Amino acid sequence: MAIVTGAGEAGIGPARVRERFLHDGTVEGHVRSLILDSWQRSQLLGLSPDRIELPYRPDFEPDGRLVRAAVPVLDRLAARFAGSRMNVALTDETGTVLQRRFGEISMAKTLPEFQSLPGFVFAEQYGGTNGIGLALAERRLIHVYGAEHFAERSQVNGCSAIPVRNPLSGRIEGVLCLGFPRSYADPALDTVVRKAAAVIEQRLLTQSSARERALLRAYLDSGRPVQAGETAGDGRRLLGVDELAQSGLDRNDQVLLAEQATELISRAQRAAVEVTLSRGRRVTLMSHPVTSSSGVEGVVIEVVLHSGSIRPQLTVPGRLGEQLSLPMTIAPPARPAPPPGPAEAAPSCPIDARPSGGTSDTRATGGATGRRVSAGLLLVGEPGVGKYAVAARRRLELLSEASTRIGTTLDVTRTAWELAEMAVPRLADYVTIDLPEAVLRGEESADPRSDLHRTVVHGVTDDCPFYPVGTRVDLRPTTPHVRCLTSGQAVLEPDLSTAAGWQAQTPKGAECILALGVHSLITVPLLARGVVLGIASFYRARDLAPYGDDDRSLAQELATRAAICIDNARRYTREHSMVLALQRSLLPRGLPEQSAVEVAHRYLPAESGVGGDWFDVIPLSGARVALVVGDVVGHGLHAAATMGRLRTAVHNFSELDLAPDELLTHLDNLVGRLDREEDDAEPAADRTGIIGATCLYVVYDPTNQRCTLARAGHPPPAVVRPDGTVTLPELPAGPPLGLGGLPFETAEFHLPEGSRLVLYSDGLIEDRRCDVDTVLDRLRGALARPDSSPEETCRAIVDTVVPQRLVDDVTLLVARTRALPCDRIATWEVPADPARVADIRAAVTRRLGDWGLDEVAFVTELLLSELVTNAIRYGSEPIQVRLIHDRTLIFEVSDASSTAPHLRHAATTDEGGRGLFLVAQLAQAWGTRYTDRGKVIWAECAVEPSGDLPDLSASYLADIPAI
């Protein structure tokens, strides 16, 4: 059944698409990407569609190995297509036609010479887009139909072409191409051409087997092995492979012998090597070059076991040859012999021999003494075959090592470098890796081709003129890099000197690279989970052989493994950035204005994941300040979210002016409640674990330089006196938050002005490389610097104490204390007599005049009258008034009662109840805090009036005593 092929989108046929392309029109999306790439390369090569001249090579080999293997297959194809206008062509690896067959013999007379005679070269650089050239460029089965051909004279034809590979080396030996009129196109042709190529490849393998058999016969005819009973010159007896199996060789010993034997074959010279096996046994492998009667050169490997290394009279667990098989090791013809006696050993044979019966050589018995066979043949092979086996083993070793050396970190750039370091020099001389900037940020790139940045340049030398690291890489559509992104497969350029698409990117740079000896390239897309992460390019230089398909497969596998690791790192980077952004949004954006302390801070997230550390500076009433450092157990989104909830709770509890121990008690209850809520909301299998947290809460009062603090399982602060003396005060530890049941204790001490309080999380002092005492000693050394500012102190701690590799978050808060001058504080004792309120107002007015605050005197009198009157009416003695001139004007009225007033709306018929409403209208803030001796009602007023006073009606002023 014929099929429609090569049609573009939206009804645009391939001929129209090709015409538009040749007239510099945009055709992307209307033609297959591999065809478009080939058209673009053809243009770069300077080819003209109407003037394609194919070169002729008279020196082609008409009867080489490939032709001998392919002739029967070509004849069968010709018979199958007899009577049709099909033609079959076989080329070598350069695209030179070696053989042709026709369904109609008369076609050979009617077709032009380049289509009917061998010797013409159809490589892409000469013929443009065609089946043979494109199969060599893409190195896979391809189809070219009608107008997809670049040459005008080929527009009426279609073709299917597939590379033919050497089964041992994997390299392309040639191309098998079926040509036909466009109407013959049929899916069944794919099956035909695949099977035909597979048969040719199998016949190439058979040719190699025949050469190996000839080598073995030449070896046997040469008089080896040594006859039974003979010994080597140093007294060691020569032994056979089967006897080695009887000696109890394990699988590792067998593999080791095979590897060493293959290495010797690949060297193609006479040599000997001693191999140490398990349990101290030693053998010597000897290589002997041999030439068959037909001139085939190869190597045989004999094995010699050192004296004392064999345990006699062993039961054979299985022939060594049946357990270990290498490519192209051929058994000799079986030699019939009588069954072995009780003390006889099995005959020696090559590894891959599979003798079916119990044959033996009577020469091996050596009489009743049980002497062993004297010589053993281990392997027979050609040097080229040995090199293929060695290369295959090294590729496996490289992949095995890559699985442990790539992806050791969750850093995108470092993982890319590990891929490059793994490939150089065993796979490539130079490696470049280009990643989109979005991937480096942990995101997915919308268009990797327009967002690539050079991330890695690594090679055997530093002078190769590739784009430097950090450069934006804008790739032309013809480059193999873009081709690999488009196809999703590795692209091999075996000869960069003829790679027009690669050279067109930067012609001068390409010249410099070629001048340094770089000759072939494999470029591989970094794909993982359907996401394009970038491009890895492997360049080979020096005198090494150009890249082949085995190298391309290795590069593809290596890049695939690395891409998974890069994607893991990218996902981690994205999640880490998200959690870090969340945590930073939950931490203080800026420090509040206050006069009690000068503050500096640091937050350093862990490498393995963001944790739940936080810090806070909270202004309190009476010019005091609260310093907080906390730590939620664990890492990730859950810890960050929990931290945000706890920080908000601390703010709310601080608004209540609670003592540090009381605040931690409330916080402890909250953590316990959150944990119980998670128990009820999530199944046990999905739970993230019990919420655990620690906290240190410090309150500093600049009016008396007193520091009050309590801690819940958190490290105590460091205290640095003004003279540089460092102490770590012993404070009651308190249980971590969430355990419940145990009370928290408060400690209090005096801090002279200029002292430094250093609060930190446990990530600062927990270093796996040394114990806590050592880290604390380093901390003391960093702090013992008098007159250091908080910022300088933070810098010194980060430089000398913070671990190089952070396994946990580090939070640091340094506060240098200040003292409020005595002349900024005024205190009066107030008797419980309403008549004395006027005296207090007068005294306060005079003090405001001394401070130059006459403009706020009226508001002050209103506020103070209400607060003092309430204390006299509803409180108990002693009553005290304190006025503090800080950033704001603070009024405090204290008494011995624990009853607090409450703001309410008074009805029109109520005689009172409007005083606190007045206070709320005139003050910036007001509130109540409790002390050991009662309570304090406080209010703050701006030093500079903020505008017009609120409209206060007579009904609200009626409750104020006469002034």
Side-chain angles (χ1 to χ4, degrees), residues 1-23 25 27-43 47-50 52 54 77 80-81 84-91 95 97 100-104 107 111-112 114-116 120 122-124 126-163 175-197 483 486-487 489:
M1 178 183 69
I3 59 173
V4 179
T5 56
E9 297 180 358
I12 301 177
R16 291 283 303 278
V17 173
R18 177 175 175 275
E19 181 180 356
R20 181 186 299 178
F21 169 80
L22 294 176
H23 288 83
V27 300
E28 190 170 359
H30 297 281
V31 66
R32 290 185 292 157
S33 59
L34 67 88
I35 298 296
L36 178 58
D37 292 340
S38 181
W39 286 354
Q40 292 170 336
R41 292 195 298 270
S42 300
Q43 279 193 332
L47 301 178
S48 175
D50 57 350
I52 295 291
L54 300 178
L77 289 174
R80 177 167 183 170
F81 297 130
S84 69
R85 298 193 60 79
M86 296 283 294
N87 68 86
V88 183
L90 177 73
T91 77
V97 177
R100 283 194 178 273
R101 298 289 189 275
F102 300 96
E104 293 181 1
M107 289 177 60
L111 292 174
F114 75 90
Q115 289 183 327
S116 59
F120 287 93
F122 281 79
E124 190 180 62
Y126 305 117
T129 307
N130 69 89
I132 296 171
L134 199 53
L136 289 173
E138 296 293 329
R139 312 181 77 82
R140 58 188 173 95
L141 173 64
I142 59 92
H143 313 282
V144 181
Y145 303 103
E148 292 182 334
H149 288 87
F150 190 76
E152 290 184 357
R153 62 191 179 191
S154 301
Q155 302 295 295
V156 297
N157 298 322
C159 62
S160 296
I162 188 172
V175 174
L176 178 64
C177 180
L178 302 182
F180 45 82
R182 290 180 56 188
S183 60
Y184 279 31
D186 193 293
L189 291 178
D190 284 0
T191 303
V192 173
V193 74
R194 287 183 189 275
K195 288 184 176 180
R483 288 165 55 199
T486 304
S487 65
Q489 300 292 326

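As the structure is a prediction and not an experimental result, all values here were calculated from the model.
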message: To check you understand the geometry: which heavy-atom pair defines the closest contact between S38 and E124, and what is its length?
response: OG-OE2, 2.5 Å
message: Going by side chain to side chain contact (heavy atoms under 4.5 Å, CB included), name the residues that satisfy it together with E138, two or more places apart in sequence or in a different chain.
response: L34, R41, L134, R140, I142, R483
Flag side-chain contact, heavy atom, 4.5 Å: L136 against F122: no
Distance in Å, Y145 OH paired with F180 CZ, rounded so as to fall on 0.5 Å steps: 5.5 Å
task: Output the distance between atom CD (E152) and atom OG (S48), rounded to the nearest 0.5 Å.
output: 7.5 Å
task: Could you tell me whether R80 atom CZ has more than 12 heavy atoms of other residues or ligands within 6.0 Å of it?
output: no
query: If you round to the nearest 0.5 Å, how far is OG of S183 from CZ of R85?
result: 10.0 Å
statement: Minimal heavy-atom distance between A151 and I52, with the atoms involved, is CB-CG1, 3.7 Å
query: Out of R182, R32, R18, which one pairs with E148 under the salt bridge (charged side-chain N to carboxylate O under 4.0 Å, His left out) rule?
result: R32
query: Which atoms form the tightest heavy-atom contact between G95 and I132, and what is the distance?
result: CA-CG2, 4.1 Å
query: Taking the side chain from H23 and the backbone from R20, do they hold a donor-acceptor pair closer than 3.5 Å?
result: no
task: State whether the side chain of R100 and the backbone N or O of Q115 hold a donor-acceptor pair below 3.5 Å, judged by distance alone.
output: yes
message: One pair to check against side-chain contact (heavy atoms from CB on, under 4.5 Å): S116 and F102. What are the steps and the verdict?
response: CA-CA 9 Å; S116 59; F102 300 96; 4.1 Å; yes
- request: Compare all side-chain heavy atoms of P49 with those of L22 and state whether any distance is below 4.5 angstrom.
  value: yes
Run the side-chain donor-acceptor check on residues 189-197: report pairs under 3.5 Å with partners two or more places apart or on a different chain.
from	atom 1	to	atom 2	distance (Å)
D190	OD1	H143	NE2	3.2
D190	OD2	H143	NE2	3.3

message: Could you measure the distance from the CG atom of L77 to the CZ atom of R101? Nearest 0.5 Å is fine.
response: 9.5 Å
Any W39 side-chain heavy atom under 4.5 Å of V17 side chain: yes
- prompt: Does the pair N130 and V144 meet the rule for a side-chain contact (heavy atoms from CB on, under 4.5 Å), with working shown?
  reply: CA-CA 6 Å; N130 69 89; V144 181; 6.0 Å; no
- prompt: Which pair of heavy atoms, one from H149 and one from C159, lies closest together, and at what distance?
  reply: NE2-SG, 3.9 Å
Parallel, tilted or perpendicular: rings of F114 and F120 (30°, 60°): perpendicular
field: With sequence neighbours excluded, residues passing side chain to side chain contact (heavy atoms under 4.5 Å, CB included) with A123
entry: V121, Q125, Y126
field: Test item: F150 and L47 side chains (from C-beta on) under 4.5 Å apart, heavy atoms
entry: yes
